[in-house]
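Letters A, B, ... mirror the listed sequences (proteins, then strands); counts begin at 1. A quick note: this is a predicted structure, and the numbers were derived from the prediction, not measured. In what follows, every heavy atom counts, from backbone to side chain, and hydrogens, waters and symmetry copies are set aside.
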Amino acid sequence: MIALVDVNNFYVSCQRVFEPHLVGKPVVVLSNNDGCIISRSAEAKALGIPMAAPWHQLSQFARAHGVIAYSSNYALYADMSQRVMQVLARFSPQQEVYSIDECFLGLHGVLSDHTELGLLLKQTVWRWTGLPICVGIAPTKTLAKLANHIAKQRPEFAGVCEWEKLPVQQRQQFMATMDVGEVWGIGRKLSVRLKQDGIHTVADLAASPAEQLRQRYGVVLQRIVAELNGCACLELEEVTPDKQQILCSRSFGQPIFSEQQLAEAISTYLARAAEKLRQQNSLAGAVGIFIRTNPFRPNEPQYRQQMVLPLTQPSNDTLKLTRIALRMLARLYRSGFAYAKAGVMLTQLQPKTAIQGHLFLQTADPIKRAELNATLDAINRRWGRGAIGLACAGNKKPAWAMNQQHLSPYWTTRWPDIPVALAK
DNA sequence: TCTGGGGTCCTAGGACCC
DNA sequence: TCTGGGGTCCTAGGACCC
C-alpha cells in the first residue's frame, strides 16, 4: 500500500505560515521574474485566476479584488519542504520524495489503520510546520494520486482518502465522474486524443483493452491503465538517482544587448550548474549553452541559437567549463538583438569514479584544480551563494538581474529575517 | 514594462555493424 | 530485372510532471 502526501497550495501556504493574516485572503505566488502565477490560494482559485497566467495581464484585476502577490522565494520553500519531508519520514521506512511538495510513503508493514495514520500525518505536519497536507492511500502510485485528488476536492474526507475503503460502487462513481485528464501522466495532448477516441472519464480509460492502448498510445499509457486497475507498475524509488542532466537558465529582468553581459550571465549560470554537478559527484561529458530573444514580441527581430560540445575528457571544473561555454557564446552571439534569456546545460553526466584517462591530453594539475573547485564550493556554502566566483561572471548586481518586486523576508534561512517571536 | 525553471521517459529514424 | 535480415547506438523531438 502506498500513500501520496502533498502540501495544499504549497508556496502560498509557506508564505502564510509566517504571515497568518494572509489566511482567508486571495494570495498568489509568482514565478521567477514575477512572470506567471504558479501557486494560488483557494480564495484566488475561487476568483477564477488560472494557473500559469501571466501576472502583468492580471495585476489590474488582482488589485481590484485585493489579491496579494509574492515573488517566489525558493530558499524558503526548499527549507519548509525539508522540514515536511523529515516529519513524514518518521512514519514510514520507505519514502520517495517526488517533488518539492509531495512524497510517496510505502505503508508495507505499517500496522496501524491507514486512514488513521493519514489523519495523524496531517495533524503532525500541521502542528510541527504549520502546513496543511492531503493524503491519498491506495495499492498503486497512480491510484494514490487519484485518491489524493479526491481527498482535496471533497471536504467530507477531511483530507485523507483511502481508496480501498471506499465501497466498490462509490469508486466506480468517482471514476465515472472524473475527467480522464485528471489522471497522473495524462496531459493536455493525450486527453484530447483520448476523447477523440471516445475515452472521456477515468472509468472509460480503466475499462479500455490494454493491447489496443499500447498499440495506439504506447507503453506509458498501458502502464497507467494497469495502475488504475490496481496492478503496480511504478516502483517506489527510495534512493534518488543521480541527475542525468543539469540545466541552469534564467530570463533576464530586462533585455540585454552586449556579448559582455551575456558572458556574465552564462558564466554565472555555469558556476551554479557545475556546483550542482560536483554536489552529486559527477562529471559532465558535454556542455551546451543557448541564448534567445523574447518570443512574445513577434514584431521585434528574433534570434535563438544553441550549441552543445562534447568534451574530450569529462570534467566538473568550473574554469574549464566556463572557458568552453564562453567560446561557444562567441560563436553564437549576433549583435543587434534584445536577448531575453540564456542558459547552460551539462549533459552526458557520469559518476566521477568512471573517469577515463586521456593518453595525449595534458591539463592543469587535476588535483590542484579539484581543490580549487572544492574551495569555491566551501566558501559559497559558508558565506552564501555568489560569495566567490570567476571575474567573468561579474561582481555586482547586474542590470539583467531577476525582477522580484514582491519578495517576502526569508524567514528561516537568513538571520535578520527570522521572526523575533521565534528567535526569542 | 511585464509571459518560469528544471527535470524524466519514450519513440522514431538514421547511421552503422556483421 | 534484380537489391536481406537482424541488431545496436545515438539523437531529436514530443509528451509528461511539478
Side-chain angles (χ1 to χ4, degrees), chain A residues 4-11 28-40 50-60 62 69-74 77-78 81 96-104 141-142 145 148-149 180-194 214-224 233-235 237 240-255 269 272-273 276-277 280 285-286 288 290 292-298 300 306 308 310 338 340-349 400 402-406:
Chain A
L4 184 268
V5 183
D6 79 341
V7 182
N8 308 341
N9 317 326
F10 181 54
Y11 298 165
V28 298
V29 171
L30 309 176
S31 63
N32 278 337
N33 260 320
D34 296 342
C36 299
I37 290 165
I38 53 170
S39 181
R40 305 161 295 159
M51 187 67 166
W55 174 241
H56 72 93
Q57 289 174 3
L58 270 166
S59 46
Q60 208 160 4
Y70 283 90
S71 303
S72 38
N73 186 336
Y74 285 102
Y77 310 146
S81 170
E96 174 188 341
V97 177
Y98 176 67
S99 75
I100 194 164
D101 74 328
E102 275 176 73
C103 76
F104 291 101
K141 283 180 161 183
T142 306
K145 274 277 205 181
N148 181 283
H149 182 76
V180 70
E182 304 282 2
V183 176
W184 187 41
I186 297 185
R188 270 217 337 268
K189 295 276 170 81
L190 256 179
S191 66
V192 168
R193 276 182 65 199
L194 285 166
R214 182 181 184 130
Q215 294 218 331
R216 192 154 160 62
Y217 296 96
V219 68
V220 180
L221 193 73
Q222 190 192 17
R223 283 205 279 258
I224 290 172
C233 304
L234 307 170
E235 300 277 308
E237 286 178 26
T240 317
D242 282 346
K243 287 187 188 15
Q244 299 176 33
Q245 73 175 46
I246 292 173
L247 194 125
C248 188
S249 71
R250 290 280 177 287
S251 303
F252 305 130
Q254 51 176 287
Y269 304 159
R272 215 20 224 137
K276 290 186 200 168
L277 183 68
Q280 70 163 32
F290 70 86
R292 70 162 170 76
T293 50
N294 186 347
F296 293 102
R297 300 208 187 157
E300 293 180 7
Q306 67 166 5
V308 178
K341 185 173 181 176
V344 169
M345 298 157 293
L346 301 177
T347 54
Q348 295 176 34
L349 305 193
W400 44 268
M402 227 182 343
N403 256 326
Q404 293 182 301
Q405 290 186 29
H406 312 277

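To the nearest 0.5 angstrom, A/Gln404 atom CD is 6.5 Å from A/Ser72 atom OG. With rounding to the nearest 0.5 Å, the separation of CG in A/Leu234 from CH2 in A/Trp184 is 5.5 Å.
Residues A/Ile38 and A/Leu30 are not in side-chain contact: their nearest non-hydrogen atoms beyond the backbone lie 4.5 Å or more apart. Put simply, the side chain of A/Asn294 does not reach to within 4.5 Å of the side chain of A/Ser251, judged on heavy atoms.
Ion pairing of A/Lys141 with A/Glu237 is absent here, as no side-chain N (NZ or NE/NH1/NH2) approaches a carboxylate O to less than 4.0 Å.
In this structure, A/Phe252 and A/Trp400 have perpendicular ring planes: the angle between them is above 60°, well past the 30° mark.
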Q.
Assess the residue pair A/Leu349 and A/Gln244 against the criterion (side-chain contact (heavy atoms from CB on, under 4.5 Å)); give the C-alpha distance rounded to whole Å, side-chain angles, the decisive distance to 0.1 Å, and a yes or no.
A. CA-CA 6 Å; A/Leu349 305 193; A/Gln244 299 176 33; 5.8 Å; no
Q: For the pair A/Val29 and A/Tyr77, evaluate side-chain contact (heavy atoms from CB on, under 4.5 Å) and give the outcome as yes or no after the intermediate values.
A: CA-CA 11 Å; A/Val29 171; A/Tyr77 310 146; 3.4 Å; yes
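For A/Asp34 and A/Val219, each mapped to the nucleotide of DNA chain B holding its nearest heavy atom, the one lying further toward the 5' end belongs to A/Asp34.
Atom CG in A/Asn294 sits about 13 Å away from atom P in B/dT1, given to the nearest Å.
Residues A/Ser99 and A/Asp101 have side chains that bring a donor and an acceptor to within less than 3.5 angstrom of each other.
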Q: Encode nucleotides 12-18 of chain C as B, S and - characters from 5' to 3', where the letter depends on protein heavy atoms closer than 4.0 Å: B to the base, S only to sugar-phosphate, - to neither.
A: ---SSSS
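Look at A/Arg223 and you'll find a side-chain N or O under 4.0 angstrom from OP1 or OP2 of B/dC10.
The environment of A/Lys243 atom NZ is sparse: at most 12 non-hydrogen atoms of other residues, nucleotides or ligands sit within 6.0 angstrom.
One C1' atom belongs to C/dG4, the other to B/dC16, and the distance between them is 16 Å to the nearest Å.
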Can you name the atoms? Protein N/O to nucleotides 4-8 of chain B N/O, anything below 3.5 Å, with the distance.
{"unit_1": "B/dG4", "atom_1": "O4'", "unit_2": "A/Ser31", "atom_2": "OG", "d": "2.8"}
{"unit_1": "B/dG5", "atom_1": "OP1", "unit_2": "A/Ser251", "atom_2": "N", "d": "2.5"}
{"unit_1": "B/dG5", "atom_1": "OP2", "unit_2": "A/Ser251", "atom_2": "OG", "d": "3.0"}
{"unit_1": "B/dG5", "atom_1": "OP2", "unit_2": "A/Lys341", "atom_2": "NZ", "d": "2.9"}
{"unit_1": "B/dG5", "atom_1": "O3'", "unit_2": "A/Arg250", "atom_2": "NH1", "d": "3.1"}
{"unit_1": "B/dG6", "atom_1": "OP1", "unit_2": "A/Arg250", "atom_2": "NH1", "d": "3.0"}
{"unit_1": "B/dG6", "atom_1": "OP2", "unit_2": "A/Ser249", "atom_2": "N", "d": "2.6"}
{"unit_1": "B/dG6", "atom_1": "OP2", "unit_2": "A/Ser249", "atom_2": "O", "d": "3.0"}
{"unit_1": "B/dG6", "atom_1": "OP2", "unit_2": "A/Ser249", "atom_2": "OG", "d": "2.9"}
{"unit_1": "B/dG7", "atom_1": "OP2", "unit_2": "A/Leu247", "atom_2": "N", "d": "2.7"}
{"unit_1": "B/dG7", "atom_1": "OP2", "unit_2": "A/Leu247", "atom_2": "O", "d": "3.4"}
{"unit_1": "B/dT8", "atom_1": "OP1", "unit_2": "A/Gln244", "atom_2": "N", "d": "3.1"}

Q) Which dot-bracket string fits DNA chain B when only Watson-Crick or G-U wobble pairs with both atom distances under 3.5 Å count, crossing pairs get [ ], and | stands for a partner on a different strand? A) ....||||||||||||||
